[in-house]
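These notes concern the structure reproduced below.
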Amino acid sequence: MTRRRVGGLVLAGGRSRRFTGDKASAVLGGRTLLEIALSTLDAIAAETAVAARRDSAAGRLAARLGSDVLEDSPSHPAGPLAGAAAGLAWARRRGFDWLATLPCDVPLVTPAVFERLLAEAAGAGGAYAASADGSHALISMWRVDKAEGLRRRLEAGEHPAVREALAQAGARAVMFADTGLFRNINTRAELAAVEEVFACSAVRPAAAPR
């Protein structure tokens, strides 16, 4: 993989209502979920930003960690695609060909997932993860020069399903056999369950200095 071609975006703009607190700041294995997501993308991207409100706990944490904080355009409907659109605009300004997106609440995703997504995206408009549990469309590799259709739909007040927006850009689904990679954290109980997975698994690489 040529890292200079890839930008990374952690999606951390959700309200975390079911979690009863800021999810990105929650600690797992001694690091916040935001730090884990950033380290995953830092392994495959030349630069990584965070989609969040600047005045949110996630936005303030991202700023302290030295990441660019990207806010949704006020003209776009609320939802994850507004964050993706902000990231795609940022990636275009940075001169990246691809944007890797990763929600902050799927800490078991590894850099190898994105390496495979980029390889599978060759000749297409992008790629996103899928498994026997279904599609995981926010774990995706977007082709930056195919993003105009998404921007137009958001400007028109639409917020399509993420998978639909990716399909419109020509992205393909990439099947992964290990469904556990995509286990996400929506509640404190789920955080505790994933903590047990961390404790029983091999030690994950420490975050690189930011």
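All figures in this text were calculated on a predicted structure; none of them were measured in a lab.
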Quick check against the 3.5 Å criterion: does [X] have a side-chain atom that pairs as donor or acceptor with the backbone of [Y]?
X: R94; Y: G7; answer: no
X: E71; Y: R54; answer: yes
X: R183; Y: V106; answer: no
X: T40; Y: I36; answer: yes
X: E120; Y: L117; answer: no

Verify the ring-centre separation between Y128 and W142: is it less than 6.0 angstrom?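 Aromatic pair excluded; centres sit 6.0 Å or further apart.
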Taking all non-hydrogen atoms of both residues into account, name the closest pair between A127 and V174 and its distance.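 For A127 and V174, the tightest heavy-atom pair comes out as CB-CG2, 3.8 Å.
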Same hydrophobic cluster for V144 and L154, using side-chain heavy-atom links shorter than 4.5 Å among ILVMFWY?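 V144 and L154: one cluster.
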Identify, with sequence neighbours excluded, every residue that meets side chain to side chain donor-acceptor pair (under 3.5 Å) alongside S135.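 So S135 forms no side chain to side chain donor-acceptor pair (under 3.5 Å) with any residue.
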Side chain to side chain contact (heavy atoms under 4.5 Å, CB included) between S25 and L34, worked out: CA-CA 6 Å; S25 302; L34 182 60; over 6 Å; no
S140/T101 under side chain to side chain donor-acceptor pair (under 3.5 Å): CA gap, chis, key distance, verdict: CA-CA 5 Å; S140 49; T101 61; 2.6 Å; yes
Derivation and outcome, side chain to side chain donor-acceptor pair (under 3.5 Å), residues R31 and S39: CA-CA 10 Å; R31 290 187 287 163; S39 67; 3.1 Å; yes
List in chain and number order the residues that pass ring-ring contact (aromatic ring centres under 6.0 Å, His included) with F182, two or more places apart in sequence or in another chain; answer none if no residue qualifies.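 Here the qualifying residues are H136, F176.
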Checking side-chain hydrogen bond (donor to acceptor under 3.5 Å, both in side chains) between H76 and each of E158, R153, E155, which is the one that passes?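 Result for side-chain hydrogen bond (donor to acceptor under 3.5 Å, both in side chains) with H76: E155.
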I139 and side-chain contact (heavy atoms from CB on, under 4.5 Å): which single residue from V109, L11, L181 fits?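 The option that passes is V109.
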Check against side chain to side chain contact (heavy atoms under 4.5 Å, CB included), D97 and R143: CA-CA 6 Å; D97 297 325; R143 185 168 156 177; over 6 Å; no
